[in-house]
Structures are given as C-alpha cells and as structure tokens.
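Okay, so here's the structure we're looking at.
Just so it is clear, the structure is predicted and the values come from calculations on it, not from any experiment. To find a chain, count down the sequence lines: A is the first, B the second, and so on, and within it residues start at 1.
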Amino acid sequence: MTEQEKVQKILDKLDETYGVEKQNFYHREPWQLLLAIMLSAQSTDKQVDEAIPAFFDRFTAVEAMAEAPVEEIEHYIQSVGLYKNKAKNIKKCCGQLVEQYGGAVPDTMGELLKLAGVGRKTANLFLSDAFGIPGVTVDTHVFRISRRLGWAEGKTPEAVEKELKECLPEEHWIRINFQLIYHGRAVCTARKARCAQCPLEEWCAKKGV
DNA sequence: ATCCCGAGGG
DNA sequence: CCCTCTGGAT
C-alpha cells in the first residue's frame, strides 16, 4: 500500500467515525463566531457553550461589546479558561472591528492577524467556519496527531500546516480539524495514546509516541 | 503533577 | 526564546 493510499484509508475512517459536518458555536453574527472561537482556546466546548448564550444576549452589537467595561465582559466569560486575557482581547478586538472595519470581520488571514487575541489558529478556523475558505487549522491536537500518524514532522504549527496541505486532498482540509480534535480528546490523547481502541492504528506510523 | 480546540508580552 | 494566564480533567 502506498503512503497516499494509507492517508486515504485514514481519511475514510475519520469520516466514518466522526462525520463530515462540523457544528459551529452558537452565534447570530460573524463577529460573535470570532469571539466564540477566541473563547475556545485552552477550554472545552462545554465551558464555551455555557458562557455564550447569556454573553451574546447581553451584547447584541459589536459596538456595545467594544464599549463595555472589561469587568463586565469578564463576568460573562468566567466559565472559560484564561478569561481575563480573553476579556481584555475581546474588548480591544471589537474596538478594532468598529474603528477599522465598520463593525464587519475581515476575510483575509493578514487582516485577521492584526486583531487583538487572534492568532493563526483562530484566524484559520474563522475563515473556514464563517466563509468556507479551505485551510488547515493546526491546534494542539492536529499538531500532535499529524506527527504521530507520520503525516508531518515540522516543529511549528505553521510548518505542519504546510505539510498537511501537501498530503491531504483539499476537500478534507476543513474537516480534518474537528475530526482530529475529537480523536485527540477521546483516543489519541496527549499523555498516552489509547492505540488498542484506535480505529486508525492499522495505518498509523506512531511517530512521537 | 500535567495538559488543554493559544496568544500576548518580556 | 521564555513566561503567564484560567479552571477543569485525568
């Protein structure tokens, strides 16, 4: 079996195991989706889902969020990790959106990276979630599992992103992110991979374990 | 104890 | 490069 065929076997198994449709965080407008993605860093879906309804119900306009006291933002997002940093970044980011983009969210990587609290991971995920722009979002799970599978050897998320774009068909770029996140939390965990119960083991290089 | 659906700052 | 920030899971 060629390397290419092994990759396809894994992609098929991931589709079968975790599905192909991603469910986005609850939001009414794009700027709220961006904030939800910012909140998800170092936090679980559950923590974010708990915070979002009251938070977005309180702030329905990006202008209101930009003008809100940072302490009030902190109050609404205390269920997520790193909430003080995120509250500060959210206020600043919304101010940038209002002042520089008329309250809209830009649709390019270069512009998104200028926003407070938005790094490459958040920007990539927003581009694919909000606009369907194909990209490979490399978070801690994608980074770790890609190296274990033998798909990438790069030492930085950006290097791994480039390697994945070279070896994965474009139609899998977006979905590989949430599939590997689910897989990384349930099976291929950071501390010890549960290889005995892994549906991918047959085609895995077990790099870095 | 260590790591998490990271990013900013020193 | 390093450190910090958060609460929660393991």
Name every donor-acceptor pair, under 3.5 Å, that has one atom in a side chain of residues 6-14 of chain A and the other anywhere in the protein, sequence neighbours excluded.
residue	atom	partner	partner atom	Å
A:K6	NZ	A:E3	OE2	3.4
A:Q8	NE2	A:D12	OD1	3.0

Sorted by first residue and then second, give each ring-ring contact (aromatic ring centres under 6.0 Å, His included) pair with at least one member in residues 101-127 of chain A; sequence neighbours left out.
A:F126-A:F131

Using Watson-Crick and G-U wobble pairs whose two distances are both under 3.5 Å, how do you write the pairing of DNA chain C as dot-bracket, with | for links to another strand?
|||||.||||

Test side-chain hydrogen bond (donor to acceptor under 3.5 Å, both in side chains) applied to A:D15 - qualifying residues, sequence neighbours left out
A:R175, A:Q179

Send over the distance from A:L35 CG to B:dA7 P, rounded to a whole Å.
13 Å

Rounded to the Å, how far apart are A:L39 CG and B:dG6 P?
12 Å

Kindly say if A:R185 contacts the phosphate of B:dC3, meaning a side-chain N or O under 4.0 Å from OP1 or OP2.
no

For residues 19-44 of chain A, pull every pair meeting ring-ring contact (aromatic ring centres under 6.0 Å, His included), keeping only residues two or more places apart or in separate chains.
none

What is the distance, to the nearest angstrom, from the CD1 atom on A:I37 to the P atom on B:dA7?
10 Å

Enumerate the protein-to-nucleotides 8-10 of chain B contacts in which both atoms are nitrogen or oxygen and the separation is below 3.5 Å.
residue	atom	partner	partner atom	Å
B:dG8	OP1	A:G117	N	2.8

Hey, what do you get for CD1 (A:I77) to OG (A:S43), rounding to the nearest 0.5 Å?
9.0 Å

Please tabulate, one pair per line, each protein N/O and nucleotide N/O from nucleotides 7-10 of chain C that are separated by under 3.5 Å, including the distance.
residue	atom	partner	partner atom	Å
C:dT10	O2	A:R191	NH1	2.9

What pairs of residues pass the ring-ring contact (aromatic ring centres under 6.0 Å, His included) test when at least one of them lies in residues 36-56 of chain A, not counting sequence neighbours?
A:F55-A:F59

Under-4.0 Å salt bridge between A:K162 and A:E166:
yes

Inter- and intrachain pairs under side-chain hydrogen bond (donor to acceptor under 3.5 Å, both in side chains), touching residues 119-134 of chain A, at least two apart:
A:K22-A:D129, A:R120-A:E161, A:N124-A:E161

Nucleotide B:dG6, atom C1' - distance to CZ of A:R144 in whole Å
15 Å

Side-chain atoms of A:L82 come closest, of B:dC4, C:dC5, B:dA7, to C:dC5

Taking the P atom of each, how far is B:dC3 from C:dC2, in whole Å?
15 Å

What residue pairs, at least two apart or across chains, pass salt bridge (charged side-chain N to carboxylate O under 4.0 Å, His left out) with a residue in residues 105-115 of chain A?
A:E111-A:K114

Nearest whole Å is fine: how far is C:dC5 C1' from A:K86 NZ?
10 Å

Using whole Å, report how far CG of A:N85 lies from C1' of C:dC3.
12 Å

Spacing between A:M38 atom CE and B:dC4 atom P, to the nearest angstrom
21 Å

Show every donor-acceptor pair shorter than 3.5 Å between a side-chain atom in residues 46-54 of chain A and any protein atom, with sequence neighbours excluded, or say none if there are none.
residue	atom	partner	partner atom	Å
A:Q47	OE1	A:T44	N	2.9
A:Q47	OE1	A:T44	OG1	3.2
A:Q47	NE2	A:S79	O	3.0

Mind checking A:N177 for me? I need base, sugar-phosphate or nothing, with any heavy atom below 4.0 Å counting as a touch.
nothing

Distance between P atoms of C:dT4 and B:dA1 (Å, rounded)
16 Å

Distance from A:L149 atom CG to A:W203 atom CH2, nearest 0.5 Å?
11.5 Å

Scan residues 91-100 of chain A for pairs that pass salt bridge (charged side-chain N to carboxylate O under 4.0 Å, His left out), counting only residues two or more places apart or in two chains.
none

With respect to the phosphate group of B:dA7, does any side-chain polar atom (N or O) of A:T122 fall under 4.0 Å of OP1 or OP2?
yes

